Number of protein chains: 2
Amino acid sequence: MGEKGETNRQRIVQAADDLFYQKGYEATSFSDIAEAVGIARGNFYYYFKTKNDILVAVLQKRRDDIRAMLDEWDKEYPEPRARLKRYILILVKSQSEIENFGCPVGSLCTELNKLRHALHGEATEMFEIFRLWLEKQFAGIGHKKDAHKLALRLMARCQGVSLITSAYSDVDFLHREVEELQQWIEGL
Amino acid sequence: MGEKGETNRQRIVQAADDLFYQKGYEATSFSDIAEAVGIARGNFYYYFKTKNDILVAVLQKRRDDIRAMLDEWDKEYPEPRARLKRYILILVKSQSEIENFGCPVGSLCTELNKLRHALHGEATEMFEIFRLWLEKQFAGIGHKKDAHKLALRLMARCQGVSLITSAYSDVDFLHREVEELQQWIEGL
DNA sequence: GTCTATATAATGATAGAC
DNA sequence: GTCTATCATTATATAGAC
């Protein structure tokens, strides 16, 4: 595997990642991905044998991306409360994507769950990475006992905001809820 | 259109409704629906010409079902606060379906939005029916000015609970959040 | 590593006998 | 109203030339 090959493989995974998010897993075909990357369908199978293999790679990449993002936040924000507020701020920073396609984590988990897909557990792992990180931050502001409950609640509230925002294409709602969530964290 | 025809048509719509919820719209084929009803694929087209036509009928039925349910609640619960608490109680009453497939309204809206489907607006109409009804109840307990904001917030929170519950298959989380939501309504 | 076929199955959809 | 047969298209997937 030389440099060129690695790069092309990465391009395929990135294109699949985007399309699974924007169109959904089922609705995305090999042709869609191949077209987005600019390679022939046949060549496609040199990198991935099945659609399942691509999903494995996409989920792996997403988990890596999430871990890298949380590491960045840990460096940038020393205070646990500031980290919690940064988490909520994803909604604002990704508002246009959320308005169009909802949350990439939540919508993929929902779809794979309905498909009774073998990789549903790997998708939920994305939530788990966030949850464990959020628990640490809640514990850090003196809610060690409630950390689990609060972490799940915060994720759920952000999921709800994402879903309603995309259903209504209403970013004003998103901003109102982010404000309220920030105040909630502030007051804990 | 005789009685038998009406009944068979209703059976098709009911089967499609269930399958769109449990498997998703894209993942459900004509064969799936025909098999569930117990009729041949060919006969199927006597009732619906396109998959789009079935979705129209399913969305129509869902909206009718929601309106009928809210009318029932209006009769059963005279107090607006009791009505709001009844709304939240859907989560508990449908807990096993939610654990397996999430919220039928939210997940269909998300999928049709990603597909850039022409009927996405009709799906969001389901949320609108709930929202208008919730607004009335919030206004009825003295939150006329905040009614819009609170209605959307309550729907979003229930969506978040449904999504996390299904991702984790964690009905304990659902019960904890329902308890918290009931207290929130109680304290308003 | 990349391409052009091509195999195979399933999909949405139609025609027409009964 | 119901069925069988069939079509066109698209999907995943493979073989093999270059």
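Model, not experiment: these values are computed from the prediction. Proteins come first, then strands; the chains are lettered A, B, ... in the order of their sequence lines, and each starts at number 1.
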**Student:** For Watson-Crick and G-U wobble pairs within 3.5 Å on both distances, what is DNA chain D written in dot-bracket notation, | included for inter-strand pairing?
**Tutor:** ||||||||||.|||||||
**Student:** Using atom CZ of B/Arg11 as one end and atom C1' of D/dT2 as the other, report the distance to the nearest whole Å.
**Tutor:**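 After rounding, the gap between these two atoms is 13 Å.
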**Student:** Detail all sub-3.5 Å separations between protein N/O atoms and N/O atoms belonging to nucleotides 12-18 of chain C.
**Tutor:**
{"residue": "C/dG12", "atom": "OP1", "partner": "B/Lys51", "partner atom": "NZ", "Å": "3.4"}
{"residue": "C/dG12", "atom": "OP2", "partner": "B/Phe30", "partner atom": "N", "Å": "2.9"}
{"residue": "C/dA13", "atom": "OP2", "partner": "B/Lys51", "partner atom": "N", "Å": "3.0"}
{"residue": "C/dA13", "atom": "N7", "partner": "B/Tyr45", "partner atom": "OH", "Å": "2.8"}

**Student:** Respond yes when some side-chain nitrogen or oxygen of A/Tyr46 is under 4.0 Å from OP1 or OP2 of C/dT2, and no when none is.
**Tutor:**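 So the side-chain polar atoms of A/Tyr46 never come under 4.0 Å of the phosphate oxygens OP1 or OP2 of C/dT2.
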**Student:** Test of understanding: with salt bridge (charged side-chain N to carboxylate O under 4.0 Å, His left out), list the residues that count as partners of B/Glu122, not counting sequence neighbours.
**Tutor:** none
**Student:** Apply the test side-chain contact (heavy atoms from CB on, under 4.5 Å) to residues B/His117 and B/Leu55: give CA-CA distance (whole Å), side-chain angles for both, the deciding distance (0.1 Å), then the verdict.
**Tutor:** CA-CA 11 Å; B/His117 200 289; B/Leu55 183 55; 3.5 Å; yes
**Student:** When the distance from CZ of A/Arg9 to C1' of C/dT2 is rounded to whole Å, what number comes out?
**Tutor:**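 Atom CZ in A/Arg9 sits about 17 Å away from atom C1' in C/dT2.
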**Student:** Distance check needed: D/dT14 C1' versus A/Tyr47 OH, whole Å only.
**Tutor:**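 In whole Å, D/dT14 C1' and A/Tyr47 OH are 18 Å from each other.
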**Student:** Mind checking salt bridge (charged side-chain N to carboxylate O under 4.0 Å, His left out) for A/Asp32 and listing every partner two or more places apart, or none if nothing turns up?
**Tutor:**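 Partners of A/Asp32 under the salt bridge (charged side-chain N to carboxylate O under 4.0 Å, His left out) test: A/Lys23.
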**Student:** Looking only at atom types and distance, does a side-chain atom of A/Arg131 sit under 3.5 Å from a main-chain N or O of A/Leu152, one as donor and one as acceptor?
**Tutor:** no
**Student:** Please list all pairs meeting side chain to side chain donor-acceptor pair (under 3.5 Å) that have one or both residues in residues 66-75 of chain A, counting only residues at least two apart or in different chains.
**Tutor:** A/Asp64-A/Arg67, A/Asp74-A/Arg83, A/Asp74-A/Trp133
**Student:** Check the distance between C/dA10's P and B/Glu35's CD and give it to me in whole angstrom.
**Tutor:** 12 Å
**Student:** Out of C/dT2, C/dC3, D/dT4, which has the shortest distance to the side chain of B/Ala40?
**Tutor:**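 Of all the options, the side chain of B/Ala40 is nearest to D/dT4.
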**Student:** Under 3.5 Å, sequence neighbours excluded: what are the donor-acceptor pairs made by side chains of residues 96-109 of chain B?
**Tutor:**
{"residue": "B/Asn100", "atom": "OD1", "partner": "A/Arg116", "partner atom": "NH2", "Å": "3.3"}
{"residue": "B/Asn100", "atom": "ND2", "partner": "B/Ser96", "partner atom": "O", "Å": "3.1"}
{"residue": "B/Ser107", "atom": "OG", "partner": "A/Lys114", "partner atom": "NZ", "Å": "2.9"}
{"residue": "B/Ser107", "atom": "OG", "partner": "B/Cys103", "partner atom": "O", "Å": "2.6"}

**Student:** I need the CG-P distance between A/Asp32 and D/dA13, as an integer number of Å.
**Tutor:**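 Those two atoms, CG and P, are 15 Å apart.
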**Student:** Which whole-number value in Å describes the distance from B/Ile33 CD1 to C/dA10 C1'?
**Tutor:**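 Going from B/Ile33 (CD1) to C/dA10 (C1'), I get 15 Å.
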**Student:** In chain order, what residues pass the side-chain hydrogen bond (donor to acceptor under 3.5 Å, both in side chains) check against B/Glu186, with sequence neighbours excluded?
**Tutor:** B/Lys85
**Student:** Can you name the salt bridge (charged side-chain N to carboxylate O under 4.0 Å, His left out) partners of B/Asp65, sequence neighbours left out?
**Tutor:** B/Lys61
**Student:** I'd like a table of donor-acceptor pairs (distance under 3.5 Å, sequence neighbours excluded) in which one partner is a side-chain atom from residues 155-163 of chain B, with atom names and distances.
**Tutor:**
{"residue": "B/Arg157", "atom": "NH2", "partner": "B/Glu180", "partner atom": "OE1", "Å": "2.9"}
{"residue": "B/Ser162", "atom": "OG", "partner": "B/Cys158", "partner atom": "O", "Å": "3.0"}

**Student:** Considering only D/dC3, D/dT2, C/dT2, which nucleotide approaches the side chain of B/Asn8 most closely?
**Tutor:** D/dT2
